[in-house]
Amino acid sequence: MGKEWLQKPEWSWNASKEEPAYVHHWVQPLHEVENTPDLILYGAPISRSSISVSGASLYPLEFRRMWKGFATYNLDEKVDLTTFQVADAGDVAMHTTDILLSHQRIQETTAYLAEHFPHSMTCMIGGDHSTTACAVRGIKEVNKEETIGILQLDTHLDVRDPAELGPANGTPIRQLIDGRAVKGENVINIGLHGYFNTKSLVDYAEKHNIQMVTLKQARKQGLIHTVQEALERLSAKVNRVYVTVDMDVLDISVAPGVPASTPGGMTTTELFDILLEIGQYPIVRHIDFVCLDPSKDSKVAETVKTGVYAWLQFITGRILQTR
């Protein structure tokens, strides 16, 4: 189960025999890759489960369309990305109206990838944040005896009550804790700030020992140091780390294409630096990028471009880790 839900992406680039100088010719379809990929990419194009009106289901499409504008060489780090093999498994086929069925398909697909490609990293492109709970459950299904930790880059705790909202994008962390897929003490959230989490949600987080690091705290002690400390802490307690990047962690001024973006969030440079660091930790086995709505983006697609750049920074970090 799971493989049957993968379908060809709505947008894909024509294959080229030329040197893969750009991302759209570097990433290959999974079925055409002979060796074990370093990273398997797949899309979860759903946003019906979003609390706010969202077109985040469009992001996997626009994410791939934007590849042509990015070279496979990182000038800052002097890293050639083509030494790292990325395979595109396609998108999970979403049911037109049934959210629960769509979520089940995401879970089954992630379980399939985790089981059949145990030595490859997985990267899910959402979709709204509800998809994270599905993906982590799928990984846990295959690795029952392992302890999973979550590093969450987010403005929100996402621990709202599913009994009230259903499996919406404001509930994934609570779904995982209440469902015992992860322990609250193994969840670290970096990026919280301001007036965007109610006291009751903070109380839930404290009760379950979620480690909350506000953006103010992280900036004071240094964002890189904060991330290093978080991953070292998780490394001592868990078998693998799932990183979830909710793009609403970015400041509203730099992320017009995020429905729930807020004032006081991260800059793009801060996010890029963090992901470069995160990529260098072998215990990080899975990552997702969620809650980016291209339909709300600017005319020059600045948020979509930021999302692709962020993804490439993570991969650059992965390559640096192996040097």
Side-chain angles (χ1 to χ4, degrees), residues 43-63 99 103 106 124-135 150-162 164-176 187-202 204-205 210 212-216 218 243-268 270-271 274-275 287-298 301-311:
I46 185 172
S47 51
R48 288 181 179 273
S49 37
S50 179
I51 296 171
S52 56
V53 177
S54 171
S57 58
L58 299 171
Y59 185 47
L61 165 67
E62 297 302 326
F63 174 76
I99 292 173
H103 282 173
I106 296 169
M124 182 179 69
I125 304 298
D128 67 51
H129 214 170
S130 67
T131 58
T132 296
C134 310
I150 294 180
L151 178 59
Q152 180 182 3
L153 305 182
D154 205 333
T155 290
H156 306 94
L157 287 162
D158 285 347
V159 294
R160 296 176 71 172
D161 191 353
E164 176 187 351
L165 299 174
N169 65 330
T171 69
I173 303 303
R174 182 159 178 169
Q175 286 186 57
L176 293 171
V187 177
I188 301 179
N189 186 316
I190 299 173
L192 302 162
H193 64 277
Y195 311 92
F196 309 107
N197 293 277
T198 65
K199 180 63 163 59
S200 62
L201 299 181
V202 174
Y204 176 92
I210 293 174
M212 296 175 281
V213 184
T214 68
L215 193 50
K216 183 177 181 179
V243 176
T244 178
V245 184
D246 188 324
M247 295 298 285
D248 74 21
V249 76
L250 289 169
D251 189 84
I252 193 171
S253 65
V254 296
V258 177
S261 59
T262 63
M266 283 188 191
T267 66
T268 53
E270 287 174 332
L271 179 61
I274 285 175
L275 287 168
I287 191 168
D288 68 37
F289 295 85
V290 298
C291 292
L292 197 160
D293 180 355
S295 70
K296 290 183 170 64
D297 209 357
S298 66
E302 63 188 278
T303 320
V304 174
K305 291 176 181 176
T306 295
V308 176
Y309 197 122
W311 172 64

Nearest heavy atoms of Pro259 and Cys291, plus distance in Å: CD-O, 3.8 Å
Rounded distance [0.5 Å steps], CG in Leu157 versus CD1 in Ile210: 6.0 Å
Distance in Å, Met124 CE paired with Thr131 OG1, rounded so as to fall on 0.5 Å steps: 3.0 Å
4.5 Å side-chain heavy-atom contact, Thr244 and Gln152: yes
Atom pair NZ/OG of Lys296 and Ser52 - distance to nearest 0.5 Å: 7.0 Å
Closest approach of Ile287 to Leu275 (non-hydrogen atoms, all atoms of both residues): CD1-CD2, 4.1 Å
Student check: side-chain heavy atoms of Phe63 and Trp311 closer than 4.5 Å: yes
Note, Leu271 side chain near Val245 side chain (heavy atom, < 4.5 Å): yes
From Asp158 atom CG to Asp246 atom CG, the distance as rounded to the nearest 0.5 Å: 6.0 Å
Closest heavy-atom pair and its distance - Gly265, Leu215: C-CD2, 3.5 Å
Interatomic spacing from OG1 in Thr306 to CZ in Phe289 - rounded to 0.5 Å: 11.5 Å
pair Gln175-Thr132: side-chain heavy atoms closer than 4.5 Å: no
Derivation of the side-chain contact (heavy atoms from CB on, under 4.5 Å) call for Ile190 and Leu151: CA-CA 8 Å; Ile190 299 173; Leu151 178 59; 3.9 Å; yes
Heavy-atom side-chain proximity of His156 to Asn197 below 4.5 angstrom: yes
Minimum heavy-atom distance Arg48-Ile99, with the two atoms named: O-CD1, 3.7 Å
Validation row: Asp248, Thr262 side chains within 4.5 angstrom (heavy atoms): no
Leu292 vs Glu62, side-chain contact (heavy atoms from CB on, under 4.5 Å): CA-CA, chis, key distance, verdict: CA-CA 10 Å; Leu292 197 160; Glu62 297 302 326; over 6 Å; no
Test item: Asp251 side-chain N/O and Gly264 main-chain N/O as donor-acceptor pair under 3.5 Å: yes
Whether over 12 other heavy atoms sit under 6.0 Å from Arg160 CZ: no
Heavy-atom pair with the smallest gap, counting every atom of Ser49 and Asp128: OG-OD2, 2.8 Å
CZ-CG distance between Arg174 and Leu201, expressed to the nearest 0.5 angstrom: 8.0 Å
Nearest heavy-atom neighbours spanning Ala135 and Ile106: N-CG2, 4.4 Å
Main-chain N/O of Glu270 paired with Thr267 side-chain donor or acceptor, under 3.5 Å: yes
Within-4.5 Å side-chain heavy-atom neighbours: Asp154 and His129: yes
Ser47 side chain near Asp293 side chain, heavy-atom distance below 4.5 Å: no
